[in-house]
Student: 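This structure is in structure tokens; I'll ask about it shortly.
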2 protein chains.
Amino acid sequence: MLQNSGFRPLGRQECLRLLAKVPVGRIVYTRQALPAVLPVNFCLGPDSAVLLRTSGDSDLARAVDGAVVAFEVDEFDAATRSGWSVVVTGRAGLVPDPAESEPPDGEGGPDSWMPVRDGVLVRIETEVVSGRELTG
Amino acid sequence: MLQNSGFRPLGRQECLRLLAKVPVGRIVYTRQALPAVLPVNFCLGPDSAVLLRTSGDSDLARAVDGAVVAFEVDEFDAATRSGWSVVVTGRAGLVPDPAESEPPDGEGGPDSWMPVRDGVLVRIETEVVSGRELTG
């Protein structure tokens, strides 16, 4: 079997730098006792929390409020079989108050690429951050 | 808030066609009662099962054998805020027998991009397949 030469684990600061590089990640949570995943555009807050918008009445908003979730980003190159991935694991919470969710200091979160009704901001604390680089 | 013009839900056949297009997806599972996610390269079997290789002694192999997992693939373009995503939800199982895991008919699964020890084939049944296209 062809095998890659290996992984390099990434430190927290390197993970946060890579997190800030890409516009889309995947929020991983539990819905009706089953693993669920949804790609979303996001940004990082000043304290490195992951911020994304969704509809206030969405399954996602209901499922993640107060729950521990994972949030994954990656970039891979098929030609060289190389790339990196970062996973944040932390508690998610809704920030429904517009005064809180769109403050003037820029921590209002991203505009959603997806259609959003009664948008709320989901905030994921970057409690545990792990990443690895796959060298081709 | 800027909003996208909308989603188009994708049918099963379109989802399977898109699944076959990309080399890397993310397996979503539960590890020690927490949501977990790992990007892996994969291929589709003749019956459209998702096939991937991992180390036989890995956390992944232990966590997913016999469990219902999700498997996600996507492609997004930040410039146009458009793209698509497909999620398979189904039972995962290990195929540890080399005679079964590397048959001559090509259902041996992909070579892993990752370093693998005592490789096993993970097979995810495409029981439920959903997808959506985001039009920019």
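In the text below, chain A, chain B and the rest are named by the order of the sequence lines, each starting its count at 1. From a predicted model like this one, the values you see are computed outputs, not experimental measurements.
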Student: Scan residues 127-136 of chain B for pairs that pass salt bridge (charged side-chain N to carboxylate O under 4.0 Å, His left out), counting only residues two or more places apart or in two chains.
Tutor: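 Residue pairs passing salt bridge (charged side-chain N to carboxylate O under 4.0 Å, His left out), neighbours aside: B:Arg8-B:Glu133.
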
Student: In terms of hydrophobic clusters joined by side-chain contacts under 4.5 Å, are B:Phe76 and B:Val87 together?
Tutor: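 No: no chain of side-chain contacts under 4.5 Å links B:Phe76 to B:Val87.
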
Student: Report yes if the side chains of B:Arg81 and A:Val24 come closer than 4.5 Å at any heavy-atom pair, otherwise no.
Tutor: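 B:Arg81 does not reach A:Val24 side chain to side chain.
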
Student: Identify which of A:Asn41, A:Val22, A:Thr89, A:Leu38 forms the greatest number of heavy-atom pairs closer than 4.5 Å to chain B.
Tutor: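 Most heavy-atom pairs within the cutoff with chain B belong to A:Leu38.
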
Student: Let's test your reading of the structure: which of A:Pro23, A:Pro39, A:Ala36 forms the most heavy-atom pairs below 4.5 Å with chain B?
Tutor: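 The answer is A:Pro39.
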
Student: In residues 61-74 of chain A, which residues are in contact with chain B at a heavy-atom separation under 4.5 Å?
Tutor: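 The stretch touches chain B at A:Val68, A:Val69, A:Ala70, A:Glu72, A:Asp74.
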
Student: Do you reckon A:Val120 sits in the same ILVMFWY cluster as A:Val50, going by side-chain contacts under 4.5 Å, direct or chained?
Tutor: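 Linked within one cluster.
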
Student: Which bit of B:Val37 is near chain A, if near means a heavy-atom gap under 4.5 Å: side chain, backbone, both or neither?
Tutor: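 Contact with chain A: backbone and side chain both.
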
Student: Quick one: pull up CH2 in A:Trp113 and OG1 in B:Thr135 and give me the separation to the nearest 0.5 Å.
Tutor: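 Result: 13.5 Å between the selected atoms.
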
Student: With a 4.5 Å cut-off on side-chain heavy-atom distances among I, L, V, M, F, W and Y, is there a chain of contacts connecting A:Ile124 to B:Val28?
Tutor: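 No.
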
Student: Is B:Trp84 reachable from B:Val129 through a run of I, L, V, M, F, W or Y residues, each pair having side-chain heavy atoms under 4.5 Å apart?
Tutor: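 Yes, B:Val129 and B:Trp84 fall within the same hydrophobic cluster.
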
